[in-house]
There are 2 protein chains.
Amino acid sequence: MEDQEIRKAGLKVTAPRVKILELLENSEQRHVSAEDVYRMLLSANEDIGLATVYRVLTQFEEAGLVEKHHFEDGHSVFELNKGKHHDHIVCVTCGRVKEFVDETIEDRQKKIADELGFQISEHDLVIYGKCLDDACERKP
Amino acid sequence: MEDQEIRKAGLKVTAPRVKILELLENSEQRHVSAEDVYRMLLSANEDIGLATVYRVLTQFEEAGLVEKHHFEDGHSVFELNKGKHHDHIVCVTCGRVKEFVDETIEDRQKKIADELGFQISEHDLVIYGKCLDDACERKP
DNA sequence: AAATAAATTGAGATACCGTATCGTTGAGAG
DNA sequence: CTCTCAACGATACGGTATCTCAATTTATTT
Ligand SMILES: [Zn+2]
Ligand SMILES: [Zn+2]
Ligand SMILES: [Zn+2]
Ligand SMILES: [Zn+2]
C-alpha cells in the first residue's frame, strides 16, 4: 500500500499523507496543483488543511516521491515520480498537458552545459501551444 | 536615443520609461528582475515607484522591447529583446546566466509539437547547474 | 496496554511578488 | 499656451505559498 512508500521515504504514516498519495495515484490528471489536491480532498470530505497539503507535497518532493514543475500560468504543479525523466507540452487554451522524451534534446543539453562550463543538475523544458483537441476551450 | 524606441513602441516618452530603458541597455547584467531595476534606480537617486517599474516593464514586454522569463528561484527576470531567440543556462549557486542557441533542439521541438498535435506558440528551456567560474559563490 | 517523546496537524497569521486603485502630475496635440 | 488624457507614485489589495503555535497523533519504550 501507500503506507510502505511513505515509510520508505522516512516519513511517519499519517492520514493526510496516505490520502494525498492515494489521490495522486488515482487522479484523472497526472499534473495537479496544491490547490487542485486541496479541492479534491474537500470533495472527498477529507478534513485536511491547505498548509498540510503544501507541506506534504513538499516533503514528498524532497523524498523523491513526486516532482514539482513551474508552468507559466502561475502556480506549481506536482506529479508522481515515474522514475524516468520527461518534458512537457502545455496547451495555452485548455491547460491539457502531454509528456514527451527526446533523446536528441537531452544529449544536446549535456553538450551545451559542457561547452559552457556548467555541471548540469537539471533542466526544465516546457513547450506552449494550442492543442488541436476537439474539446479544447478555455477553462472557466 | 531611447526616446525613439519608446515612441516607436507607441508609448509616451516619460522620464521613468527613458531611465528604465537606459538602465537595461547599460546594465552589467542582461537578466534582471523588477526588484533589481527598482534597486538600481534607487541607487541612481531616481524617484520612481516600484509599481511604475512593474508597469513599464510589462508595457515594454507587450511592445516587444523586452522579454520576460521565469527561472526557478521565484521571481521573473527581464532582458532587452535582441531579436533572436535563445535559451538559458543558470548557475544554481551564484545565479550567473548564460545564453545559448541550438538549432537541433529548436527543430526537435517543432517536430514534437507537430507529432502531438499542438500549434506551438513558444517554449521555455532552462538548464540549471553549477558553473565552474572561480568567483562562483552563493549570493548573500 | 499505558506512558512517553517526538513529529505532525489545522487554523490562522504572515510573507512575498505582482497588480489595481486613485488622486495628482505632466506629455504632447492643437 | 491650453487642455486632455495618459502616466505617475503611494498605497491597498490579491493569490500563492510559508510560518507559528497549541493541540493531536504517531511510534517507541515500559
Ligand atoms: Zn487545448
Ligand atoms: Zn509530467
Ligand atoms: Zn537571455
Ligand atoms: Zn556559478
Side-chain angles (χ1 to χ4, degrees), chain A residues 1-21 23 31-42 44-63 65-78 95 139-140, chain B residues 1-21 23 31-42 44-63 65-78 95:
Chain A
M1 302 286 311
E2 286 79 15
D3 295 23
Q4 289 310 318
E5 301 213 43
I6 293 171
R7 227 182 296 273
K8 206 160 34 175
L11 299 169
K12 284 188 180 176
V13 177
T14 65
R17 286 173 182 159
V18 173
K19 290 282 156 44
I20 290 173
L21 187 52
L23 200 153
H31 306 84
V32 292
S33 70
E35 293 281 346
D36 288 338
V37 171
Y38 181 60
R39 275 194 299 273
M40 291 190 239
L41 289 167
L42 286 185
N45 268 63
E46 298 292 343
D47 189 19
I48 297 179
L50 181 56
T52 301
V53 173
Y54 276 104
R55 250 187 320 233
V56 169
L57 287 172
T58 302
Q59 292 160 345
F60 281 1
E61 189 198 3
E62 286 163 354
L65 282 178
V66 308
E67 291 187 344
K68 178 165 138 188
H69 305 286
H70 267 85
F71 295 159
E72 279 294 325
D73 64 7
H75 35 239
S76 303
V77 299
F78 299 81
K139 274 199 240 173
Chain B
M1 302 288 307
E2 287 79 15
D3 295 24
Q4 291 310 317
E5 302 212 43
I6 293 171
R7 229 182 294 275
K8 207 160 33 173
L11 299 167
K12 284 188 182 177
V13 177
T14 66
R17 285 171 182 160
V18 174
K19 291 282 156 45
I20 291 172
L21 187 51
L23 201 152
H31 306 84
V32 292
S33 70
E35 294 279 345
D36 289 337
V37 171
Y38 181 60
R39 275 193 299 272
M40 291 190 238
L41 289 168
L42 286 185
N45 268 62
E46 298 292 345
D47 189 19
I48 296 179
L50 180 57
T52 301
V53 173
Y54 276 104
R55 250 188 318 237
V56 169
L57 287 173
T58 302
Q59 292 159 346
F60 282 1
E61 189 199 2
E62 285 163 356
L65 283 176
V66 309
E67 291 187 344
K68 180 167 138 187
H69 304 285
H70 267 84
F71 295 158
E72 278 294 325
D73 64 7
H75 33 241
S76 303
V77 299
F78 298 82

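Side-chain atoms are counted along with the backbone in the values below, which use heavy atoms only and exclude waters and symmetry mates. Order of the sequence lines fixes the chain letters, A, B, ..., with proteins taken first and strands second; residue numbering starts at 1 for each chain.
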### Query
For DNA chain D, whose closest nucleotide is more 5', that of B/Y38 or that of B/G10?
B/G10
### Message
Please evaluate residues A/K68 and A/L57 with respect to the criterion side-chain contact (heavy atoms from CB on, under 4.5 Å), reporting the C-alpha separation (whole Å), side-chain torsions for both, the decisive distance (0.1 Å), and the verdict.
### Response
CA-CA 9 Å; A/K68 178 165 138 188; A/L57 287 172; over 6 Å; no
### Task
Measure the CG-CD distance between A/L50 and A/E35 for me, rounded to the nearest 0.5 Å.
5.0 Å
### Message
Whole angstroms only, please: what is the OH-P distance between B/Y54 and D/dC13?
### Response
19 Å
## Note on the structure
When rounded to the nearest 0.5 Å, the distance separating CG of A/D3 from OG1 of A/T14 is 10.0 Å
### Summary
Rounded to whole Å, the CG-P distance (B/L41 to D/dA10) equals 13 Å
### Query
Whole Å only: how far is the CG atom of B/L21 from the P atom of D/dA7?
15 Å
### Task
Kindly indicate whether the side chain of B/M40, heavy atoms from C-beta on, has any atom under 4.5 Å from the side chain of B/V32.
yes
#### Entry: Beyond-backbone contact of A/F60 with A/I20, side-chain heavy atoms, under 4.5 angstrom
yes
### Query
A/L50 near the nucleic acid: base, sugar-phosphate alone, or nothing, with a heavy-atom cut-off under 4.0 Å?
nothing
### Task
Give B/T14 one of three labels, base, sugar-phosphate or nothing, depending on what nucleic acid heavy atoms sit under 4.0 Å from its own.
sugar-phosphate
#### Entry: Position toward the 5' end of DNA chain C (nearest nucleotide), B/H75 or B/A15
B/H75
### Query
From A/H69 NE2 over to B/E72 CD, what is the distance, rounded to the nearest 0.5 angstrom?
9.5 Å
### Query
Heavy atoms under 4.0 Å, any strand shown: does A/S33 hit a base, just sugar-phosphate, or nothing?
nothing
### Query
Side-chain N or O of B/R17 less than 4.0 angstrom from OP1 or OP2 on D/dA7?
yes
### Query
Between B/I20 (CD1) and D/dA7 (C1'), how many Å, whole number?
12 Å
### Message
Using whole Å, what does the distance between atom C1' of nucleotide D/dA17 and atom CZ of A/F78 come to?
### Response
10 Å
### Message
Can you give me the first and the last nucleotide of DNA chain C (5' to 3') that has an atom within less than 4.0 angstrom of a non-hydrogen atom in chain B?
### Response
C/dC17 to C/dG28
### Query
In whole Å, what is the span from the CG atom of B/L57 to the P atom of D/dA7?
15 Å
#### Entry: Heavy-atom pair of closest approach, residues A/F71 and A/V77
CE1-CG2, 3.6 Å
## Note on the structure
On a heavy-atom basis, the closest approach of B/P16 and B/T52 is CB-CG2, 3.9 Å
### Message
Between B/T58 and B/R55, do the side chains contain a donor N or O and an acceptor N or O under 3.5 Å apart?
### Response
no
### Angle by which the axis turns from one end of the helix from C/dA1-D/dT30 to C/dG30-D/dC1 to the other, five pairs per end, to 10 degrees
30°
### Task
Could you tell me the separation between the CZ atom of A/R55 and the C1' atom of D/dT16, rounded to a whole number of Å?
16 Å
### Task
Report yes or no: does A/R17 contribute a side-chain atom to a donor-acceptor pair with the main-chain N or O of A/K12 at less than 3.5 Å?
yes
### Query
So which one's nearest nucleotide on DNA chain C is more toward 5', A/K12 or A/I48?
A/K12
#### Entry: Spacing between A/H69 atom NE2 and D/dA17 atom C1', to the nearest angstrom
18 Å
